[in-house]
Structure formats: structure tokens, C-alpha cells
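First comes the structure, then the notes that go with it.
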Amino acid sequence: MAQRSRPAGSRRVQVLVLCFLVHVATGVELSVNNHNDDFTLITSPGSLISLSCLAQNSSQAEELLWYRGDNRVDLKDGNKENISNICISPVSESDNGVAFTCRLVRDRAVQVSVLLDVRFPPSTGEDESIQIEEGKDVNLICNAKSNPQGQTTWYKNNAILTLQEHYQVHQTSEVFQLSITKVQESDNGTYTCEVKSSCGDSSKNFHLIVEDKKPAFPMEAIIAAAVVVALTVLFGIVAQREKIFKV
């Protein structure tokens, strides 16, 4: 006996019922620190942050997960059901731009993320003394990671550096570099990298010492060779005189 095919209307009803059941199952909402949507949290290094995730609109116990970026956070058994708390202590510069996300176990599309905006000033490091031979190239590198990103100004002997043909400035989000090509004696002096941001400022000095260009052949080697030649000639003359006296 041939099996009857189900009417198209019946299939539509089944699809609608399924969608309704999915909606009911995923009607749970999450909130983190009373935020139902993703948000950004401004903080600073060394501080302590407490994040609390709460499952709402559920008639049953809900299991929760926490992630730091793509990595799952280990939670104790009593810290997973309906409400879950994590602490970040101390906050570090490496946490800047990292998202902490709370997810529902039975539907991980239900989630709330917290993006950390860690504010910190630039730190350019210790002063340097650089010796360079005249005619060579030199790079003065100033590492100045900060959030928000700082702006840099270069000085020479406490005056704003006037960019000449053989000066070039390069900048990324963390590195500021002054390149001097074919260094001249007039390039002697103290160069200062000053970085300013809304969180603070920092500066670093480079004491550049330009040395005279060395000859292609070291004078010491030339003098030593000349002495050897002179002694060889002298010994040769002495040897010849001894032969003459013997005759």
C-alpha cells in the first residue's frame, strides 16, 4: 500500500512549532554588571575588576561559561549556575583590548562581552649614548607603547628638530624612530624623543657622538709594516757590509 505524503500545510505547522520551542528554549537573557549588551570598560593597570554574569528569564537552572578572548576560564563548581563571577587582579597592559565573554551553555549564541580599555601613559626607557663614525647611518629608536596612543616630538639640544634631507621620522603605534643618514660632524648633540598622551608623557635622550672617519687602512698597521720593511732593509745592508769586509 502506497504511503501518503504529508500535506505541505502540516510541514509548515511542524516548522512553526519547532521555531516556537527554540524561541522558548533560548528566551534566556544574560547580563554582565547590569549590562544586557556588549560594553567597554575603562580601567588602568594595577586595578581590580569584578565581573558578574546573571541568567535572566529562565524557569530552570542555567549553566554559564566565561571566556578570555578565545580561551575558556576555569570556574569552580559553585560558580557556574545562574550567576557566575570572575575577578581580574591585577589588570595589566596586556589586558588592553581583551574581551571577557559570558555564555549560556545550552545556547552559546546567548552571550555578553566586556571589552577592556586599559589606559596607561607612555614609558620611553633610559637615556642612551651612541658613538657613530662620520658618514655612516644611525637609527634612534624610542619605544613608547601607550593607550591612548601618544604623539611624539623630536628635539635637538632642547630645540624642536628641523627635519633636513638626511633626517627621516618613522612612527608605528608603539615605536618612534629617527633615522640619520650619512652622519656629519654637525649632527653631534643630544636628541630627545618626547611622547605625550592624555594619560601622561615621557621623554628619552640620545647623546650622539660623531667620530672622525677612520682611514681605509689603519695607521697602526701601516706604521708596523713600515718598521718591518725598514728593519729588513737595514739587516740586508748590514749583511752586505759583512760580505764586503770578508773579501
Side-chain angles (χ1 to χ4, degrees), residues 32-33 35 38-51 68-71 86-101 113-215:
V32 174
N33 291 13
H35 291 267
D38 298 347
F39 66 100
T40 299
L41 183 61
I42 298 175
T43 184
S44 58
S47 60
L48 182 150
I49 291 178
S50 179
L51 301 177
R68 183 189 189 276
D70 295 326
N71 300 316
I86 62 171
C87 288
I88 307 160
S89 177
V91 173
S92 67
E93 294 179 8
S94 62
D95 292 318
N96 182 50
V98 174
F100 286 83
T101 304
S113 292
V114 184
L115 183 68
L116 296 191
D117 183 2
V118 184
R119 302 292 178 91
F120 55 92
S123 178
T124 51
E126 300 294 327
D127 294 354
E128 290 185 36
S129 292
I130 300 175
Q131 294 180 328
I132 186 73
E133 183 182 327
E134 187 177 5
K136 292 190 175 181
D137 301 340
V138 65
N139 295 320
L140 309 183
I141 299 175
C142 185
N143 295 304
K145 182 180 179 181
S146 66
N147 181 42
Q149 182 177 333
Q151 298 296 320
T152 183
T153 304
W154 283 95
Y155 296 84
K156 180 182 179 183
N157 298 329
N158 297 320
I160 293 179
L161 180 65
T162 302
L163 294 180
Q164 302 176 16
E165 186 177 349
H166 66 306
Y167 290 159
Q168 290 184 343
V169 175
H170 308 278
Q171 178 175 335
T172 66
S173 59
E174 298 181 11
V175 178
F176 304 99
Q177 177 177 302
L178 174 65
S179 299
I180 308 175
T181 56
K182 296 181 180 179
V183 173
Q184 306 168 9
E185 186 179 350
S186 59
D187 293 320
N188 264 309
T190 298
Y191 295 79
T192 303
C193 167
E194 182 183 69
V195 185
K196 290 185 176 182
S197 77
S198 59
C199 289
D201 56 80
S202 183
S203 62
K204 177 177 180 177
N205 293 320
F206 299 86
H207 305 291
L208 187 64
I209 303 168
V210 181
E211 300 175 334
D212 292 337
K213 190 173 183 179
K214 296 178 182 178

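None of the values given here were measured: they were computed from a predicted structure.
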Can you tell me if [X] uses its side chain to pair, donor with acceptor, with the backbone of [Y] under 3.5 Å?
{"X": "Asn157", "Y": "Thr190", "value": "yes"}
{"X": "Asn96", "Y": "Glu93", "value": "no"}
{"X": "Asp38", "Y": "Ser113", "value": "yes"}
{"X": "Thr192", "Y": "Tyr155", "value": "no"}
{"X": "Ser197", "Y": "Gln149", "value": "no"}
{"X": "Asp117", "Y": "Pro148", "value": "no"}

Let me confirm one number: the [atom1]-[atom2] distance from [X] to [Y], rounded to the nearest 0.5 Å.
{"X": "Ile180", "Y": "Gln168", "atom1": "CD1", "atom2": "CD", "result": "11.0 Å"}
{"X": "His35", "Y": "Leu41", "atom1": "NE2", "atom2": "CG", "result": "8.0 Å"}
{"X": "Thr181", "Y": "Glu165", "atom1": "OG1", "atom2": "CD", "result": "7.5 Å"}
{"X": "Ile141", "Y": "His170", "atom1": "CD1", "atom2": "NE2", "result": "10.0 Å"}
{"X": "Asn205", "Y": "Thr124", "atom1": "CG", "atom2": "OG1", "result": "8.5 Å"}
{"X": "Asp187", "Y": "Ile209", "atom1": "CG", "atom2": "CD1", "result": "13.5 Å"}

Exercise for the section: Using the test ring-ring contact (aromatic ring centres under 6.0 Å, His included), find all partners of Tyr167 that sit at least two apart in sequence or belong to another chain. Expected result: none

Close side-chain approach of [X] and [Y], heavy atoms under 4.5 Å:
{"X": "Ser146", "Y": "Pro121", "value": "no"}
{"X": "Val118", "Y": "Pro45", "value": "yes"}
{"X": "Asn33", "Y": "Val114", "value": "no"}
{"X": "Leu161", "Y": "Val169", "value": "no"}

Over all heavy atoms of both residues, which pair between [X] and [Y] is shortest? Give the atoms and the distance, please.
{"X": "Glu126", "Y": "Lys204", "answer": "O-CE, 2.8 Å"}
{"X": "Trp154", "Y": "Leu140", "answer": "CH2-O, 3.7 Å"}
{"X": "Asp95", "Y": "Arg68", "answer": "OD1-NH2, 2.7 Å"}
{"X": "Ala144", "Y": "Val195", "answer": "CB-CG2, 3.6 Å"}
{"X": "Val91", "Y": "Ile88", "answer": "CG2-O, 3.9 Å"}
{"X": "Cys193", "Y": "Phe206", "answer": "CB-CE1, 4.3 Å"}

Exercise for the section: Would you sort out whether Gln151 and Lys196 count as a side chain to side chain contact (heavy atoms under 4.5 Å, CB included), showing the intermediate values? Expected result: CA-CA 5 Å; Gln151 298 296 320; Lys196 290 185 176 182; 5.6 Å; no

Practice task
Step by step, work out the side chain to side chain contact (heavy atoms under 4.5 Å, CB included) result for Asp137 and Lys182.
Solution key: CA-CA 5 Å; Asp137 301 340; Lys182 296 181 180 179; 4.2 Å; yes

Practice task
Could you go through the side chain to side chain contact (heavy atoms under 4.5 Å, CB included) check for Arg119 and Thr43 one step at a time?
Solution key: CA-CA 6 Å; Arg119 302 292 178 91; Thr43 184; over 6 Å; no

Practice task
Count the heavy atoms of every other residue, nucleotide or ligand shown that sit under 6.0 Å from CD1 of Ile160, and state whether that count exceeds 12.
Solution key: no

Practice task
Test side chain to side chain contact (heavy atoms under 4.5 Å, CB included) on Gln131 and Glu211 and set out the steps.
Solution key: CA-CA 7 Å; Gln131 294 180 328; Glu211 300 175 334; 3.5 Å; yes

